[in-house]
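Protein chains get the first letters and strands the later ones, always in sequence-line order, with residue 1 at the start of each.
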Amino acid sequence: MPLDAARIHARLAERFGDAVSAPAGQGRDAWLEVRPERIADVAVFLRDEPDLAFDCLSNLSGVDYPKQGHIQVVYHLFSYRHRHWIVLKVNALRDDPVVPTVSGVWSHANWQERECFDLLGVRFTGHPDLRRLLMPEDWPGHPLRKDFVEPQEYHGISTSRESLLKV
Amino acid sequence: MQELVDSLIASGLLPDTVPAWAHYLAAMLLFGGIVVFGFVLPIAGITTWVERRVMGRMQSRIGPNRVGPAGFLQWLADGIKNLLKEDIVPRAADVPLFKLAPYVVIVGFVATFVVLPFSGDLIIADMNVGILYVTSVTALVVVGILMAGWASNNKWSLLGGIRSAAQIVSYEIPAGLSIFPIVALTGTLSMQGIIRAQGPHPWQWFLFDNPFTLCAFVVFFVSALAEGNRTPFDLPEAESELVAGFATEYSGMRNLLFFMAEWGNLYVIGAIVTTLFLGGWQIPWALDGQPVLRNVLQFGVFFAKAYFFVFLAIWLRWTLPRVRVDQMMTMCWKYLVPIALVNLLGTAVWMLVFPEGVPAVRWLLTLGAGVALLAFFWRVRHHVVAAGYGLKQLSFNPLATRRVEW
Amino acid sequence: MGLAGFEVEIERSRNGGGVVTEDMTLNMGPQHPSTHGVLRFVVRADGEVMKSAVPDVGYLHRSIEKIAEKVGWHGFIPYTDRVDYVAAMFCNHGWAMAAEKLAGIEVPKRAEYCRVIADELCRLHSHLLSVGSMAMDIGAFTPFTHAIREREYLNDLFEELCGARLTFHYMRIGGVGWDLPPGWAEKVLAFLDRFEAMIDEYNRLISYNKIFVERLANVAVITAAEAIDYNLVGPNLRGSGVRYDVRKDDPYSVYPELDFEVPVGRGEMGTLGDSFDRYIVRMEEMKQSCRIIRQALRQIPKGPVIAKVPRNFKPPAGDCYVRLESARGDMGWYVVSDGTAFPHRCKIRTGSFSGISIIEHVSRDLMIADLVAVIASLDLVAPEIDR
């Protein structure tokens with residue numbers, strides 16, 4: 001039986017109190033903000049409760065909000081059994097973003113968290129194998145951050161090139 | 001060959017100051033050279049042309065059509081190109097073995113032509129252990145392939161070499177076991193002897209002699225394909241997994257030697273199958289007084305039959321997918337070997353019970369094969385009609401020069 | 001790059017005869033004929049049997065998501081083609097849908113129908129390549145050329161529609177770029193008439209060929225629970241028996257008005273969820289796509305093909321997550337707007353990403369030849385994985 005965001009929040013509030021905030025936004029994109037340190041427990045609860053049964057982590061994105069000073073990790077969860085959705089957002093401090101891993105709950109999170117770590121620098125504690133995924137192992141910095149400055153060279157190869165239009 | 005040289009000495013064309021064995025040696029070397037350079041190498045090359053054109057039509061495209069009429073000289077162009085290529089030897093490769101391997105493979109392949117008959121009189125050496133010599137000398141290829149796989153210093157080549165060794169060695173068994181029924185029927189291992197024991201008409205071939213030889217034919221053909229590294233058994237050079245298997249690190253002429261051996265081997269397979277099962281070069285007329293005409297006709301018949309099997313191998317290659325290593329071994333040891341043993345026993349029992357064979361069975365089997373062939377062509381016609389193609393647009397014409405438009 | 005991060009202990013084992021064996025570490029490198037793009041696998045194998053196959057991705061990472069933040073809403077559409085260049089229409093569509101949802105733009109009906117027709121033709125395009133490459137990887141080259149032959153007709157149709165054969169740049173925010181050319185619908189119908197017979201011919205040639213079935217049946221069985229856990233989508237998920245298709249269960253565009261079925265794996269040649277099921281689901285999906293295209297061409301109304309969208313497009317701040325059923329499954333676009341002409345963040349969640357993450361789990365005790373079959377059956381394309 002599909003539940004909407006308000007009712008899912010009600011179920012979560014029973015268990016986690018104000019670690020989970022009230023739904024914001026509307027329709028399918030309504031989200032619940034979760035405290036970073038509780039996300040793993042919330043994930044287990046959402047997966048295991050029979051009327052919630054969120055068996056699938058559909059998407060895990062990291063978004064950099066330099067002005068607000070945090071990096072937001074957005075979880076889109078789906079339940080194949082009940083065919084309902086929920087969005088969770090976790091705000092981690094920008095200087096040292098640490099979020100507990102949910103890769104023990106959904107195997108898909110393993111690679112998604114690696115990518116988030118690689119491109120944004122969010123460290124997922126408890127992750128079995130947190131290393132870079134898309135970038136080379138020794139790449140400096142996290143490219144998707146808004147303040148990322150591209151290195152001038154990588155292993156002696158210059159990352160810029162003279163304009164081909166110059167005569 | 002020996003009689004020919006004797007008659008030439010007797011008629012004075014060759015000096016008899018030189019001892020006879022020197023004449024024989026010279027004649028065999030000369031004939032061998034003519035065969036190798038005039039037949040084997042062109043056949044290996046022309047088979048690539050045939051394969052590429054036939055493959056092209058099967059795949060709805062044309063194949064080579066630039067170099068020469070209908071691309072007929074493409075193989076010459078490829079040969080010249082490969083001769084002119086840079087000789088690359090990987091730095092970490094085992095150089096002597098690396099360089100030697102293609103030659104071992106080529107020797108294993110060319111040496112079979114010593115006993116392959118071309119017609120009643122044309123054969124380099126009609127050894128009295130002909131067919132046994134062929135099976136033993138083709139096993140040299142295993143050594144060459146293993147050398148290539150190991151010496152390339154490349155794990156993928158090594159895998160290819162090992163797979164090939166396992167494959168060829170395993171499939172020697174059913175191949176050999178399928179030759180035995182024929183040898184039992186004729187009592188001789190000599191190639192010309194086996195052919196002479198058959199006749200020109202299909203019901204006189206060993207193929208239709210009894211049901212067990214029919215089965216032995218199928219087993220032998222499948223095993224021969226496996227020994228020749230042809231799809232569905234082309235695991236050693238599985239292009240999608242191992243790039244080119246044992247031949248990955250080879251370039252230029254060395255590479256070409258491997259593949260010439262493979263394509264030429266198709267003809268060898270065809271020739272052996274023709275010899276053993278299809279009556280070889282037998283023609284319905286004796287033609288005692290016209291040796292030239294007789295030999296030409298016999299060669300034509302033999303070549304046509306052998307080349308049909310080349311075409312069959314090409315056809316199978318471009319239709320069937322590849323088996324996996326364990327499936328290949330299962331097929332050999334759990335299926336082909338028991339069947340081959342049954343064939344051997346069956347033929348032996350058949351010979352015991354019917355020493356002269358059973359003409360009725362021969363005609364029945366021939367009739368059955370004829371019916372199957374007719375049904376096949378009927379089915380082809382059905383598909384052509386159902387697809388709406390006219391005869392003019394038949395897409396399997398290898399000499400077609402334009403893509404068929406729908 | 002070497003083996004950093006992939007250090008594995010070389011196992012030494014002694015069997016009864018005192019022979020020491022070592023596992024072989026093979027590099028199925030970025031250049032390989034059958035890794036469907038630039039992928040690398042570090043394979044630890046005991047002879048032919050693999051102990052593990054660890055993927056190493058990132059060779060095709062082009063920072064497309066970062067580029068979105070630089071080039072703006074309209075300018076990003078050609079880049080979306082390159083996210084999955086085998087099925088580019090879907091990527092165009094996803095980005096357009098996300099932008100339209102953020103700005104509340106309503107797309108005209110005719111444009112929606114054009115989108116659906118283009119999408120389904122692109123699905124045929126992608127599936128033909130997928131099944132063709134699969135046959136080629138298993139060793140049969142002829143079905144690949146036949147698939148490419150069919151694809152050439154599709155390429156001609158696409159070229160007439162939008163000028164490109166591979167990276168279409170057909171859809172715009174608010175609609176599509178160009179209307180259907182005159183006479184194009186008849187050509188599409190003629191193609192479909194011929195193509196549906198070709199699917200049957202293809203099935204006769206290769207799908208039920210004994211050797212092909214033996215190579216695929218019972219290889220890399222993925223149960224429904226595993227598929228959901230690893231977030232497999234599309235034909236991979238349906239091959240494991242889960243009946244879920246975004247077009248039916250979470251419809252978008254004009255799919256509610258179209259009638260079609262969703263093929264699901266039945267375990268007909270082996271276990272449910274093996275490679276053969278994933279393959280045959282794709283074959284059957286092609287038939288359903290033909291059905292959808294015919295209906296859409298019949299039902300398409302007249303009207304404009306694009307809504308009025310300002311050139312300086314600035315959707316209100318907010319985020320949205322849209323999904324569509326791409327050839328590789330549910331493709332999710334999470335787009336964050338900060339009210340400016342440049343998106344704040346664009347995250348593309350693709351089907352191949354989950355597909356490759358399950359390979360390590362599924363490849364234990366498979367043979368090296370099976371690894372190739374598994375990669376092909378999961379229909380991985382490297383550009384989608386790396387973006």
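Heavy atoms only, all atoms of each residue included: A:R145 and C:K66 are closest at O-NZ, 2.9 Å. The two residues A:H108 and C:N231 come nearest to each other via the heavy atoms CE1-ND2, 3.1 Å. Closest heavy-atom contact between A:W111 and C:I356: CZ3-CG2, 3.4 Å. For the pair A:R83 and C:R243, the tightest heavy-atom approach, listed with the atom from each and the gap, is NH2-O, 3.5 Å.
Residues C:R345 and A:D64 have side chains not in contact (no heavy-atom distance under 4.5 Å, counting atoms from C-beta outward). With contacts defined as side-chain heavy-atom distances shorter than 4.5 Å, the pair A:H76/C:K347 does not qualify.
If you measure heavy-atom distances from C:L237 to chain A, the contacts under 4.5 Å come from the side chain alone. With a 4.5 Å cut-off on non-hydrogen atoms, C:E226 does not touch chain A at all. If you measure heavy-atom distances from C:S357 to chain A, the contacts under 4.5 Å come from both the backbone and the side chain. Only the side chain of A:L119 comes within contact range of chain C, judged by heavy atoms closer than 4.5 Å. Proximity to chain A is limited to the side chain of C:V336, based on heavy atoms less than 4.5 angstrom apart.
Sparse packing is recorded around CD of A:Q26, with 12 or fewer heavy atoms of other residues, nucleotides or ligands lying under 6.0 Å away. Other residues, nucleotides and ligands contribute at most 12 non-hydrogen atoms within 6.0 Å of the OH atom of C:Y79.
The candidate from A:V74, A:N110, A:D138 with the greatest count of non-hydrogen atom pairs under 4.5 Å with chain C is A:V74. Across A:R28, A:H155, A:K146, the residue that shares the most heavy-atom pairs under 4.5 angstrom with chain C is A:K146. With chain A as partner, the option from C:D330, C:D386, C:L232, C:V233 having the largest number of non-hydrogen pairs under 4.5 angstrom is C:D386. In terms of heavy-atom pairs under 4.5 angstrom with chain A, the leader among C:I385, C:D250, C:D338 is C:D250. Between chain A and the residues C:L60, C:V242, C:I228, the largest count of heavy-atom pairs under 4.5 Å involves C:I228. Put simply, of A:G27, A:G25, A:S58, the one with the most heavy-atom pairs under 4.5 Å next to chain C is A:S58.
C:H344 and A:Y65 have parallel rings, their planes meeting at less than 30° on a 0 to 90° scale where 60° marks the start of perpendicular.
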> Can you list the steps and then say if A:S61 with C:Y321 is a side chain to side chain donor-acceptor pair (under 3.5 Å)?
Replying inline: CA-CA 11 Å; A:S61 339; C:Y321 182 65; over 6 Å; no

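Within the model, atoms CG of A:D129 and CD of C:E360 stand 7.5 Å from one another, a figure rounded to the nearest 0.5 Å. Taking CE of A:M135 as the reference point, atom OG of C:S63 lies at 7.5 Å (rounded to 0.5 Å). Between the CG atom in A:D118 and the NE2 atom in C:H61 there is a gap of 7.0 Å [rounded to 0.5 Å]. How far CG of A:L57 is from OH of C:Y230: 13.0 Å, rounded to the nearest 0.5 Å.
Salt bridge C:R387/A:E115: present, at least one basic N to carboxylate O contact under 4.0 Å. A salt bridge between A:K89 and C:D319 is present, with a side-chain N of the basic residue lying under 4.0 Å from a carboxylate O of the acidic one.
Between C:Y244 and A:F78, the distance separating the two ring centers is shorter than 6.0 angstrom.
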